[in-house]
Protein chains: 2
Amino acid sequence: MPNQPHRTRAALVQAALDTLKTEGFSGTTARAIAGRAGVNQALVFYHFGGVESLLLAALDATAAARLERYRTAMAAATDTAERIATARRLYREDVEGGHVTVISELLAASLARPQLRAELLTRMAPWIELVAAVLDDVAGDSPLSETIPLADVASALVALYLGLNLLSRLDPANAQAESLFDLMERVAPLLDGPSTS
Amino acid sequence: MPNQPHRTRAALVQAALDTLKTEGFSGTTARAIAGRAGVNQALVFYHFGGVESLLLAALDATAAARLERYRTAMAAATDTAERIATARRLYREDVEGGHVTVISELLAASLARPQLRAELLTRMAPWIELVAAVLDDVAGDSPLSETIPLADVASALVALYLGLNLLSRLDPANAQAESLFDLMERVAPLLDGPSTS
DNA sequence: GTCTATACTTGGATAGAC
DNA sequence: GTCTATCCAAGTATAGAC
């Protein structure tokens, strides 16, 4: 009884994500993924050609959904305070859902894998663009947008996001990120205030 | 001709660092380390009890030297501009020398290793304290120190540092970090200016 | 076209030789 | 105290059964 191919593929993609989130990159082997998916280990190679390709397919699947979620949530926010509150909500979702963990583990593993590194480079771009677009909205017509290179700040914010997620492993309560959002919420009115004429 | 034990141990520690920097965590096996050190693979277990313990010993060795370097370099800086210039210099050293890579790889791997996670938690504390101390000097007698929780900002800066290093793998030129330091140098006078009465 | 069985390689760890 | 020989577990990948 041959299984429907797309079902096996989907199960492997989901299992790959779950394994990466709970076992880390070094624990994400063809056997571990297949075991979680309930299929034979060799199917990883048949359907995806190898573990690395499967992981990239899994990243693409989760990143597309996540990007869409970010875009709609951020579009609904109209001022800086709301954008920060939204960012906090999204950050919590990411930590709980392990969405950022997937990219962190792959980035860490890309050190010794030039191919993986190249693939990840392409896939980081839309995130940095998304943050840059939000920053552009925040800066709005204020003089900030002229004097500060938004693209660089966007990269830095993405780096901060990754770093916070990495550090959050050591502290399950994740107090740093929460109090950082508190701080940003206190600073937010200073950004909106002057430009609201 | 029995080797002096401390020579073998030192060779393993150095080889462990080099392997972690070039092969990443998943490539840092007892065999890879021992091969690089030019000793038998079983000595990793004899001298350190296992790969993970060796890696922690290696981290301790490099972190102690690195912390000392940071402390003396930062102590020599007297105003905010100098501190930022020093931070830029230290950051470049870290990227080139792979010092942060060691901790990034271990943090990424700690996801599925509770013991490693606990050990790393202890070892991150002095770095956050160091940054907090520098921030305290920067804030000085300005009102900033009252309104902004320095400990949280210190954690965030450490996270940013880790994240920048992680992203720098994708872009060898590492333009983000450099232009971020540019930005900070332009903002620095605003911090020093008002409080210099 | 899909999957199973199996071959081969690499890694962790230790018993015992020197 | 140091290292070799060796075992066992786990990983990748493919040849061939269905």
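Just so we're on the same page: letters track the sequence lines, and every chain starts at 1.
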For the pair made of [atom1] in [X] and [atom2] in [N], what is the distance, rounded to whole Å?
X: B:Phe48; N: C:dG12; atom1: CZ; atom2: C1'; result: 17 Å
X: B:Ile33; N: C:dA13; atom1: CD1; atom2: P; result: 12 Å
X: B:Phe45; N: D:dC7; atom1: CZ; atom2: C1'; result: 13 Å
X: B:Glu52; N: C:dG11; atom1: CD; atom2: P; result: 17 Å
X: A:Arg7; N: C:dG1; atom1: CZ; atom2: C1'; result: 17 Å

Taking only the side-chain nitrogens and oxygens of [X], find out if one of them lies under 4.0 Å from OP1 or OP2 of [N].
X: B:His47; N: D:dG1; result: no
X: A:Thr29; N: D:dG11; result: yes
X: B:Thr8; N: D:dT2; result: no
X: A:Tyr46; N: C:dC3; result: no

Distance-only donor-acceptor test, A:Arg31 side-chain atoms vs D:dT12 base atoms, 3.5 Å: yes
Does any donor-acceptor pair link the side chain of A:Gln41 with the base of D:dA10 at a separation under 3.5 Å? no
Does the side chain of A:Leu55 come within less than 4.5 Å of A:Phe25's, by heavy atoms? yes
Parallel, tilted or perpendicular: rings of B:Tyr70 and B:Tyr161 (30°, 60°): perpendicular
Can you tell which of [options] lies closest to the side chain of [X]?
X: B:Asn40; options: D:dC3, D:dA10, C:dT2; value: D:dC3
X: B:Ala42; options: C:dG11, D:dA10, D:dT4; value: D:dT4
X: A:Leu43; options: D:dT2, C:dT4, C:dG12; value: C:dT4

Assess the residue pair A:Ile103 and A:Met124 against the criterion (side-chain contact (heavy atoms from CB on, under 4.5 Å)); give the C-alpha distance rounded to whole Å, side-chain angles, the decisive distance to 0.1 Å, and a yes or no. CA-CA 9 Å; A:Ile103 190 86; A:Met124 286 307 293; 3.7 Å; yes
For the backbone of A:Ala32 and the side chain of A:Thr29, can you confirm whether one donor and one acceptor N or O come within less than 3.5 Å of each other? yes
Will you find, in the side chains of A:Arg113 and B:Ser26, an N or O donor that is under 3.5 Å from an N or O acceptor? yes
Under 4.0 Å, heavy atoms only, any strand: does B:Val44 hit a base, just the sugar-phosphate, or nothing? nothing
